[in-house]
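Structure first, commentary second.
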Amino acid sequence: MIKNDLVNRVMSGVGVPRTTAVLAVETVIDVMRQSLVRGDRIELRGFGVFLVKNRKRGIGRNPKRPQEEVEIPPGLTIRFKPGKELRDMVVESPPELPTAAD
């Protein structure tokens, strides 16, 4: 699903014009983006939690040259923890994922 799909679902679900749906979706995304930049936690009950976490310094490898070690600097990363309700929904009716043969 892409942003345009969300806009279409808002249009049909709420029955608003496209311009209003685009504004609503972009506003929600922008507010979430600003909150994460400030380091705030976003909790959407029944869906999940977005949070900013510290990432430790580490050592990685270049897949093309696995013998070479690459230092990964410490920094911040965004994590998503699904809520129990969402986890249960996915477990009850798992989506059909494409296989390697597809």
Side-chain angles (χ1 to χ4, degrees):
M1 176 177 280
I2 60 175
K3 185 164 50 170
N4 192 40
D5 296 331
L6 287 173
V7 169
N8 291 336
R9 297 264 176 109
V10 169
M11 282 174 45
S12 63
V14 182
V16 295
R18 181 167 189 77
T19 54
T20 305
V22 167
L23 181 61
V25 170
E26 288 183 355
T27 300
V28 168
I29 291 171
D30 189 48
V31 168
M32 290 177 73
R33 183 182 298 129
Q34 291 173 12
S35 294
L36 291 170
V37 166
R38 286 192 309 268
D40 295 341
R41 178 179 191 263
I42 301 170
E43 181 177 339
L44 304 171
R45 300 270 168 131
F47 184 70
V49 177
F50 294 90
L51 50 113
V52 178
K53 294 190 82 168
N54 287 319
R55 183 184 64 219
K56 295 187 283 185
R57 184 178 74 84
I59 301 295
R61 297 203 184 275
N62 181 344
K64 293 183 180 180
R65 294 185 294 264
Q67 65 279 8
E68 289 183 26
E69 291 185 347
V70 178
E71 185 174 328
I72 301 170
L76 298 174
T77 187
I78 298 170
R79 297 283 189 226
F80 174 72
K81 291 172 52 176
K84 182 179 180 340
E85 191 175 316
L86 178 61
R87 280 193 317 267
D88 291 345
M89 289 173 66
V90 170
V91 169
E92 289 173 9
S93 59
E96 291 188 27
L97 300 176
T99 60
D102 290 343

* **Rounded distance [0.5 Å steps], OG1 in Thr20 versus CE in Met11** => 10.0 Å
* Asked: If you count the non-hydrogen atoms of other residues, nucleotides and ligands that lie under 6.0 Å from CD in Glu85, is the total more than 12?
  -> no
* Asked: How many angstroms lie between CD in Glu26 and NZ in Lys3, if you round to the nearest 0.5 Å?
  -> 4.5 Å
* Asked: Taking all atoms of both residues into account, what is the closest heavy-atom pair of Phe47 and Leu86, and its distance?
  -> O-CD2, 3.3 Å
* Kindly check if the number of other-residue, nucleotide or ligand heavy atoms within 6.0 Å of CZ (Arg79) is above 12? => no
* NZ/NE/NH1/NH2 to OD/OE distance under 4.0 Å, Glu68 and Arg61 -> no
* Determine, using the 4.5 Å side-chain heavy-atom cutoff (strictly less than), whether Phe50 and Val37 are members of one ILVMFWY cluster. => no
* To do: Indicate the atoms forming the closest heavy-atom contact of Leu76 with Arg55, along with that distance.
  => O-NH1, 4.1 Å
* **Test item: Arg33 and Asp30 side chains (from C-beta on) under 4.5 Å apart, heavy atoms** => yes
* Asked: To the nearest 0.5 Å, how far apart are CD in Glu69 and CG in Asn62?
  -> 12.0 Å
* salt_bridge(Asp5, Arg9) N-O dist < 4.0 Å -> no
* Treat each ILVMFWY residue as a node, draw an edge where side-chain heavy atoms are under 4.5 Å apart, and state whether Leu51 and Val28 are in one component. => no
* With rounding to the nearest 0.5 Å, note down the distance linking CZ in Arg87 to NZ in Lys84. => 7.0 Å
* Asked: Which heavy atom of Ala21 sits nearest a heavy atom of Val10, and at what distance?
  -> CB-CG1, 3.8 Å
* From Arg18 CZ over to Asn4 CG, what is the distance, rounded to the nearest 0.5 angstrom? -> 4.5 Å
* To do: Would you indicate whether Arg38, at its atom CZ, is surrounded by more than 12 heavy atoms from other residues, nucleotides or ligands within a distance under 6.0 Å?
  => yes
* Specify the closest pair of heavy atoms between Val7 and Val22, including all atoms of both residues, with the distance to one decimal. => CG1-CG2, 3.6 Å
* Structure fact -> Output for pair (Ile78 CD1, Met32 CE), nearest 0.5 Å, gives 9.5 Å
* Hphob cluster co-occupancy, Leu44 + Ile29, side-chain heavy atoms under 4.5 angstrom -> no
